[in-house]
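Computed from a predicted model, the values in this text were never measured in an experiment. Counting from 1, the numbers follow the sequence of the chain as shown.
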Amino acid sequence: MIHLGQINTLEILRETDHGAYLIDDEDNQVLLPNRYVPESFKIWDKIDVFVYLDNEERPIASTDMPYIKRGEFALLRCNQVTDYGAFLDWGLVKELFCPFKEQAFSMKSGGWYLVHCYLDEKTERLVASSKTNRFLDNTELTVNEFDEVDLIVSHPSDIGMNVIVNKTHTGLIYKDSIFKDLSIGDKLKGIVKKIRPGNKLDIALGQIGFRNIEPNAELIMHELHDNSGFLNLTDKSSPEAIKNKLQMSKKNFKKAVGTLYKQRLIEIKPDGIYLI
């Protein structure tokens, strides 16, 4: 079966004036236009393509890969707004349509929006929605406390930053746990710090407790190597200076420095840390 909005591995069946026809193992065919046909190929060669609907609502294949696929979230630029809705740049010739009813707030040309791509069951078209929360569910969690998770920054709140967890759940990073600048659409790693009643997920950037020592120590070592073996930070440095330089809390900084010192990897002097 050929899947709209996803990467398909198909075989080249035949070449025509308009391009090459591809076929799957169920004898379904789709056209790969001339602009995407490889310069050299053999019949029955396999090729990875993205399949979507062209301007005439016909399935079409492309070797160009979009910025977002069906079931994914991504930050996309709005190219234009018409009487029908917004059209977003997703890296393909035909733009991705976002109906007015799927806009959390009115989109404007030139703006950037975090959206989810899905297949509209009524029209069989791939469309975008900036109402991302409706595609997330915490009813049955697929994560546990202290699990490492993939995050996408969703939107700010009064108490922190909302994030999408593993493309499935919603989570929250509290303000006092944020030690780096975050922007909507950023993709990063995190840890499930706590699961609160109602399956609400508290997320931390980095690892927790004793697990946090090793990656932070490694980060300090990288900084030392990048700065000729010297880092002008000590345990008397302000939390702001540590945050700006290393994007970690002073508490975690002191733990990491202690670990490196015990391993005799660094020397601590009044003016800073030196690599041994």
Less than 4.5 Å apart, any side-chain heavy atom of [X] and any of [Y]?
X: Phe253; Y: Ile220; value: yes
X: Tyr113; Y: Cys78; value: yes
X: Leu88; Y: Arg77; value: no
X: Leu22; Y: Lys46; value: no
X: Phe230; Y: Leu275; value: no
X: Leu53; Y: Ile60; value: no
X: Lys194; Y: Leu201; value: no
X: Leu141; Y: Ile195; value: yes

In chain order, what residues pass the salt bridge (Lys or Arg N to Asp or Glu O under 4.0 Å) check against [X], with sequence neighbours excluded?
X: Lys69; answer: Glu72
X: Arg196; answer: Asp202
X: Lys175; answer: none
X: Asp48; answer: none

For [X] and [Y], work out which heavy atoms get closest and say how close.
X: Asn79; Y: Glu95; value: ND2-OE2, 2.9 Å
X: Tyr118; Y: Ser129; value: CE2-CB, 3.9 Å
X: Ala86; Y: Met107; value: CB-SD, 3.7 Å
X: Lys250; Y: Lys236; value: NZ-C, 4.1 Å
X: Val127; Y: Pro99; value: CB-CD, 4.4 Å
X: Asp64; Y: Gly91; value: CB-O, 4.5 Å

Side chain of [X], backbone of [Y]: donor and acceptor closer than 3.5 Å?
X: Asn216; Y: Ala256; answer: no
X: Asn244; Y: Ala241; answer: no
X: Asn133; Y: Lys131; answer: no

With sequence neighbours left out, write down each residue that passes ring-ring contact (aromatic ring centres under 6.0 Å, His included) with Phe73, or none if nothing qualifies.
-> His116

Is it true that [X] and [Y] fall in one hydrophobic cluster, defined by side-chain heavy atoms closer than 4.5 Å?
X: Phe50; Y: Tyr21; value: yes
X: Leu265; Y: Met248; value: yes
X: Val257; Y: Ile276; value: no
X: Leu96; Y: Val49; value: yes
X: Phe87; Y: Val93; value: no

Of all residues at least two apart in sequence or in a different chain, which pass the side-chain hydrogen bond (donor to acceptor under 3.5 Å, both in side chains) check with Asp271?
-> Tyr274

Taking only distance into account, with no hydrogens and no angle test, what donor-acceptor pairs under 3.5 Å do side-chain atoms of residues 33-44 form with protein atoms, sequence neighbours excluded?
| unit_1 | atom_1 | unit_2 | atom_2 | d |
| --- | --- | --- | --- | --- |
| Asn34 | OD1 | Gly19 | N | 3.3 |
| Asn34 | ND2 | Asp17 | O | 2.7 |
| Asn34 | ND2 | His18 | O | 3.4 |

Could you tabulate the donor-acceptor pairs under 3.5 Å formed by side-chain atoms of residues 159-170, not counting sequence neighbours?
| unit_1 | atom_1 | unit_2 | atom_2 | d |
| --- | --- | --- | --- | --- |
| Asn162 | ND2 | His155 | O | 3.2 |
| Asn162 | ND2 | His155 | NE2 | 3.3 |
| Asn166 | OD1 | Asp150 | N | 2.9 |
| Thr168 | OG1 | Asn166 | O | 2.8 |
| His169 | ND1 | Asp137 | O | 2.6 |
| His169 | NE2 | Thr142 | N | 3.1 |
| His169 | NE2 | Thr142 | OG1 | 2.9 |
| Thr170 | OG1 | Asn138 | OD1 | 3.4 |

Sequence neighbours left out, what passes side-chain contact (heavy atoms from CB on, under 4.5 Å) with [X]? Give chain and number order.
X: Tyr84; result: Thr82, Phe97
X: Glu26; result: Met1, Asp24, Asn28
X: Tyr261; result: Ile266, Ile268

Could you give all pairs that pass the salt bridge (charged side-chain N to carboxylate O under 4.0 Å, His left out) test and reach residues 105-127, with sequence neighbours left out?
-> Glu57-Arg125

